[in-house]
Amino acid sequence: MQGYSIKTLTQFIIERQADFPYATGEFTRLLYHVGIAAKFVNKKVNKAGLVDILGEAGNINVQGEDQKKLDVLANWQFIQALKSSRECCGIASEENQEIITWDDELTRDGNYIFCMDPLDGSSNIDVNVSIGTIFSIYRRISPRGEKATLDDFLQPGNKQVAAGYVVYGSSTMLVYTTGSGVFGFTLDPSIGEFCLSHYSINTPQDGKIYSINEGNYSNFPEGVKKYIDYCKEADSKTNRPFSARYIGSLVADFHRNLLKGGIFLYPATAKAPKGKLRLLYECNPIAFLAEQAGGKATNGSQRILDVKPESLHQRIPFYAGSSNMIDKLEEFMRNNP
Ligand code: AHG
Ligand code: MN
Ligand code: MN
């Protein structure tokens, strides 16, 4: 029985507003609308098999990938929610080539910009495996009242004011940080509310899980190959061999490792020489969460959050997870250039 101990996401973010001395409520309203969009998308995801929203939408997105119907729907849903929050002056999405801005005065006055991967793990939609949404929020640098500009979006990840994800899994969870810890909320479908279920998540320093698409092994950089070999070697002192776990949805793979301890790896490969994952709306938000939970995120040699983005859809090699595992990986990469 949860009874009176329930704390909803809305209640939690209103209470946390008091932690910021100059908070005006704008940011609180923005997060509230993110929660609303997540609930809408969750409904669609749950009904996907019944209402003809599985499969391809028939379009190709900016990455040259087939758009699924749910990609398009989730994108639309988040854009609508953010616009109606009146606090967001622009959006960068995996599904849109250019930034999205609006002409009306109210949204131009919004103080925040939003980067998102509206539906992460698209290849898992049709087979009933966990998928997610990833988001990242910055304060704009252009003047309020004007249209947001590309420069607002090309800020390094260390300037994020908030980041999070929604995982549509066996339960639906929203996990976010505003830079003072990581908090997880589980959707209680009986009342339609995200309820605080994971207070201040700390990830283990050492993990026993490594998550990588090992089918690409022959194309991995030497240091990554050596690290994978190390993960598989038997050694009782370090609890090896580690377990291999890979879902193919960054959100779900990262979420599991965050709670259990582990490392997620998406290196550069011959097919994707710059890596596959996108800096602005996949790697930066996950890196912010990883660090806030006591973990680390790197491109192999540099902290992800310190990389200055050059373009909206830029890709980057990405490694995130338990801090001692990331240290070990970086050591292998340094020693095997
Ligand atoms: P998206 O569905 O948003 O395009 O992202 C898919 C990403 C990510 O979720 C996952 O970690 C990775 O692609 C899986 O790639 P591989 O199939 O190459 O392993
Ligand atoms: Mn993705
Ligand atoms: Mn996506």
Side-chain angles (χ1 to χ4, degrees), residues 20 27 30-31 34 63 78 82 88-94 96 99-100 111-118 120 132-142 148-166 174-183 201-203 250-251 253-255 257-258 263-268 272 274-323 325-327 329-330 333:
F20 303 99
F27 181 67
L30 181 63
L31 273 183
V34 171
Q63 330 286 333
F78 271 88
L82 292 161
C88 172
C89 61
I91 300 174
S93 165
E94 182 193 359
N96 297 83
I99 58 172
I100 300 166
N111 201 16
Y112 295 96
I113 62 111
F114 195 87
C115 304
M116 66 172 166
D117 178 353
D120 173 66
T133 296
I134 315 176
F135 63 89
S136 161
I137 302 174
Y138 294 80
R139 224 167 262 119
R140 69 187 302 174
I141 50 178
S142 60
T149 65
L150 185 59
D151 284 342
D152 290 322
F153 293 86
L154 299 184
Q155 303 183 56
N158 57 35
K159 295 272 193 254
Q160 287 173 102
V161 294
Y165 58 78
V166 185
L174 189 150
V175 176
Y176 83 97
T177 181
T178 53
S180 50
V182 177
F183 300 92
I201 299 171
N202 283 306
T203 196
L250 169 63
V251 169
D253 279 309
F254 175 76
H255 181 69
N257 293 0
L258 177 74
I263 183 169
F264 174 91
L265 309 96
Y266 210 109
K274 293 183 174 156
K276 178 182 182 188
L277 299 177
R278 279 57 59 112
L279 176 59
L280 263 65
Y281 42 81
E282 291 180 318
C283 304
N284 270 337
I286 296 291
F288 192 17
L289 289 157
E291 288 196 4
Q292 282 296 315
K296 288 187 175 176
T298 174
N299 66 1
S301 58
Q302 189 186 3
R303 181 182 178 227
I304 288 288
L305 295 182
D306 289 338
V307 175
K308 169 84 178 81
E310 282 163 7
S311 63
L312 223 47
H313 299 287
Q314 175 175 344
R315 296 173 194 265
I316 192 163
F318 186 60
Y319 311 95
S322 295
S323 58
M325 297 178 95
I326 296 285
D327 289 347
L329 168 77
E330 283 191 325
M333 295 193 79

Got a list of side-chain donor-acceptor pairs under 3.5 Å for residues 288-300, not counting sequence neighbours?
residue, atom, partner, partner atom, Å
Glu291, OE1, Arg303, NE, 3.4
Glu291, OE1, Arg303, NH2, 2.8
Glu291, OE2, Arg303, NE, 2.8
Gln292, OE1, Ser180, N, 3.4
Gln292, OE1, Gly181, N, 2.9
Lys296, NZ, Asp327, OD1, 2.7
Lys296, NZ, Asp327, OD2, 3.4
Thr298, OG1, Gly300, N, 2.8
Thr298, OG1, Ser301, N, 3.4
Thr298, OG1, Gln302, O, 3.2
Thr298, OG1, Glu330, OE2, 2.5
Asn299, OD1, Ser301, N, 3.0
Asn299, OD1, Gln302, N, 2.7

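Side chain of Gln155 to main chain of Arg139: a donor-acceptor pair is present (N/O by atom type, distance under 3.5 Å, no hydrogens or angles). For Asn257 (side chain) and Gly321 (main-chain N/O), no donor-acceptor pair under 3.5 Å exists by modelled atom type. Using modelled atom types, one side-chain atom of Lys308 and one backbone atom of Leu154 make a donor-acceptor pair closer than 3.5 Å. In this structure, Arg140 contributes its side chain and Asn111 its backbone to no donor-acceptor pair below 3.5 Å. Using modelled atom types, no side-chain atom of Asp120 and backbone atom of Thr133 make a donor-acceptor pair closer than 3.5 Å.
For Phe27, the ring-ring contact (aromatic ring centres under 6.0 Å, His included) partners are Tyr112, not counting sequence neighbours. Partners of Phe135 by ring-ring contact (aromatic ring centres under 6.0 Å, His included), not counting sequence neighbours, listed by chain and number: Phe114. Evaluation of the ring-ring contact (aromatic ring centres under 6.0 Å, His included) rule for Tyr281 yields His313 as partners, not counting sequence neighbours. Partners of Ser93 according to the side chain to side chain donor-acceptor pair (under 3.5 Å) rule, which considers only residues two or more places apart in sequence or in another chain, are Asn75. Applying the salt bridge (Lys or Arg N to Asp or Glu O under 4.0 Å) criterion to Asp253, with sequence neighbours excluded, gives Arg256.
Looking only at side-chain heavy atoms (C-beta outward), Phe318 and Glu282 stay at 4.5 Å or farther from each other. In this structure the side chain of Ile316 never reaches within 4.5 angstrom of the side chain of Leu277, judged on heavy atoms. The side-chain heavy atoms of Leu30 and Leu82, taken from C-beta on, include a pair separated by under 4.5 Å. A heavy-atom distance below 4.5 Å is not found between the side chains of Phe153 and Tyr138. For the pair Val34 and Phe78, the minimum side-chain heavy-atom distance is below 4.5 Å. Under the 4.5 Å side-chain criterion, counting only non-hydrogen atoms from C-beta, Ile304 is in contact with Leu279. The shortest distance between side-chain heavy atoms of Asp306 and Asn158 falls below 4.5 Å. Contact check for Ser136 versus Ile134: no side-chain heavy atoms found under the 4.5 Å cut-off.
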